[in-house]
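Let me begin by presenting the structure, written as structure tokens, before commenting on it.
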Number of protein chains: 2
Amino acid sequence: MPSPKNSDAEAAAEKTRLSRQVVLAAALELVDAEGLDALTMRRLGQQLNRDPMSLYRYAANRAALLDGVSELVFDELSIHPKDPDWQAQLRYIAHDLRLLALRHPNVVPLLVTRPLSTPLGLRPLGTLRPLEQILSLLIDAGFAPADALHMYRAYYGFLYGHILNELQEFIVDPDENEALLRLGLHRLPPKDFPQLRALGPVLADYDGAAELDQGIDILLSGLAAHLSRVPESTREPAQG
Amino acid sequence: MPSPKNSDAEAAAEKTRLSRQVVLAAALELVDAEGLDALTMRRLGQQLNRDPMSLYRYAANRAALLDGVSELVFDELSIHPKDPDWQAQLRYIAHDLRLLALRHPNVVPLLVTRPLSTPLGLRPLGTLRPLEQILSLLIDAGFAPADALHMYRAYYGFLYGHILNELQEFIVDPDENEALLRLGLHRLPPKDFPQLRALGPVLADYDGAAELDQGIDILLSGLAAHLSRVPESTREPAQG
DNA sequence: ACACCTTCTCTACACTGTAGACTTTACGCG
DNA sequence: CGCGTAAAGTCTACAGTGTAGAGAAGGTGT
């Protein structure tokens with residue numbers, strides 16, 4: 001068979017040279033399309049038109065592959081640590097991350113879960129970059145480093161929590177227009193869950209972006225009020 | 001063999017009748033001791049001194065088993081939805097949940113992740129009970145149902161985020177007393193991660209409870225200021 | 001042409017969840 | 001007691017997983 005049978009189906013995977021980027025991109029595509037469980041070595045190999053074992057050149061094992069996907073996704077974030085308006089920048093990042101999560105919902109469990117089993121210092125650098133940059137932003141804004149860390153934790157914690165919350169608002173039957181049924185709430189025993197059932201219609205329309213904004217606003221202004229900030233005039237200029 | 005060879009090792013698993021509670025308890029024990037990956041049907045069967053297939057009487061499949069473990073853990077939470085001091089109650093719940101997470105760190109990925117793949121109405125009831133009860137608490141405190149939901153989301157979101165944050169502060173080498181090395185931060189390239197490396201010592205001592213408290217305070221008081229609350233005197237008394 | 005290193009493939013192994021048929025046990029009823 | 005029925009537990013088997021280890025194919029420099 002001299003001519004490659006590449007014509008069949010959507011196997012656009014010509015046999016070009018592999019590379020880490022190509023492998024990770026294919027992995028992300030697979031996860032986006034079919035979920036985390038679909039990302040097996042064999043399946044990914046098939047997607048790339050290669051033997052599954054060839055993937056081990058580009059990721060030491062499956063866990064490393066998952067880390068790679070996390071890193072790839074985090075690269076979609078753009079943070080400007082030099083923005084003078086730190087509050088605006090944090091709000092911007094928050095929305096960016098939110099949209100990223102909505103774009104890649106199947107990756108979110110990864111983002112949230114992998115760090116729990118990897119000590120800070122051993123994580124993929126790409127996943128630590130946002131942390132470093134936000135710290136920079138806050139320190140440049142005049143917060144003492146310890147306070148910057150403090151603030152980062154509250155900010156990022158809330159942000160993650162919000163994203164998890166929003167992604168949970170899953171729908172059972174999108175064709176149903178009765179709120180109770182859309183959310184599957186009719187299954188709950190009315191005696192035990194009166195409030196939840198009553199809130200069906202309210203649950204159904206949820207403005208994630210607005211709630212995120214409000215929460216961040218409250219947190220940031222509240223925290224800023226408690227923390228010491230060195231005014232710009234009395235600060236030493238940043239070196240470099 | 002008339003006398004059971006039960007003497008060997010820690011096989012305290014006499015061949016008593018199984019039950020859902022027993023199975024789930026053993027599963028939780030296994031997860032606590034060796035992590036989520038160790039919870040395989042075969043391993044759990046061995047722990048209970050039974051054929052792995054017998055477990056399917058008490059959980060339809062592995063996913064259902066995981067849901068059961070989640071439920072079991074949530075049962076450790078005690079919420080008092082009738083507490084007249086709603087802020088105090090929410091603070092109390094927050095600390096309770098935090099301690100629960102520290103007690104069962106390996107279960108946390110489950111708590112966070114399972115709802116992402118299960119529509120609200122189809123979740124195990126045990127995992128929805130906290131939601132219902134907190135809504136009750138807030139509505140009884142005078143918030144309009146929609147506002148109560150609003151508040152719940154911000155509160156629970158922050159809480160989850162905080163827990164994830166705190167559990168991430170993992171340590172590479174607990175015997176090392178130099179902060180940089182304890183956290184494995186020496187591995188990070190100094191050029192790219194100056195702030196993070198500089199914060200080593202601060203990262204090392206982290207008062208999770210205090211930060212949680214402060215965040216919750218800021219969030220709750222901030223939200224309460226924005227939301228409409230019906231004063232008690234003008235409310236109709238709760239029926240039942 | 002040769003050697004060499006990287007990239008890719010093949011085979012094999014231990015382990016996973018679980019379907020389906022079977023055996024054992026428990027229990028109510030004559 | 002004995003029998004019948006249902007529940008509880010077991011056995012076997014299968015398709016799928018990650019990945020170790022040996023080998024083949026391909027590219028590059030001399």
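Lettering follows sequence order; numbering is per chain, from 1.
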Item to check | Geometric cation-pi criterion, A/Arg153 with A/Phe158: 6.0 Å, 45° | outcome: no
Item to check | Beyond-backbone contact of A/Arg98 with A/Arg103, side-chain heavy atoms, under 4.5 angstrom | outcome: no
Checklist entry - In whole Å, what is the span from the CZ atom of B/Arg57 to the C1' atom of D/dA8? => result 6 Å
Item to check | Separation of atom CG in A/Leu55 from atom C1' in D/dA20, rounded to whole Å | outcome: 15 Å
Checklist entry - Is any side-chain N or O of B/Arg50 closer than 4.0 Å to OP1 or OP2 of D/dG9? => result yes
Next on the checklist: I need the CG-C1' distance between A/Asp51 and D/dA20, as an integer number of Å.
Outcome noted: 13 Å
N/O donor to acceptor pairs below 3.5 angstrom from side-chain atoms of residues 191-203 of chain B, sequence neighbours left out:
| residue | atom | partner | partner atom | Å |
| --- | --- | --- | --- | --- |
| B/Gln195 | NE2 | A/Ser136 | OG | 3.3 |
| B/Arg197 | NH1 | B/His186 | O | 3.3 |
| B/Arg197 | NH1 | B/Leu188 | O | 2.6 |

Checklist entry - Taking protein heavy atoms under 4.0 Å as touching, what does nucleotides 14-20 of chain C look like 5' to 3' if B marks base contact, S marks sugar-phosphate-only contact and - marks none? => result --BBBBB
Next on the checklist: Counting only heavy atoms from other residues, nucleotides and ligands, does the tally under 6.0 Å from CD of B/Glu29 exceed 12?
Outcome noted: no
Item to check | Atom pair distance, as rounded to whole Å: CG in A/Leu36 and C1' in D/dT17 | outcome: 15 Å
Next on the checklist: In terms of relative ring orientation, are A/Tyr160 and A/Tyr156 parallel, tilted or perpendicular, with 30° and 60° separating the classes?
Outcome noted: tilted
Checklist entry - Going by atom types alone, do A/His104 and A/Glu76 pair a side-chain donor with an acceptor below 3.5 Å? => result yes
Item to check | Atom-to-atom span, OH of A/Tyr58 to C1' of D/dT19 - whole angstrom | outcome: 17 Å
Checklist entry - Could you state the CG-P distance from A/Leu18 to C/dC8, rounded to the nearest angstrom? => result 5 Å
Next on the checklist: Just the rounded figure in Å: distance from P of D/dA7 to CZ of B/Arg20.
Outcome noted: 18 Å
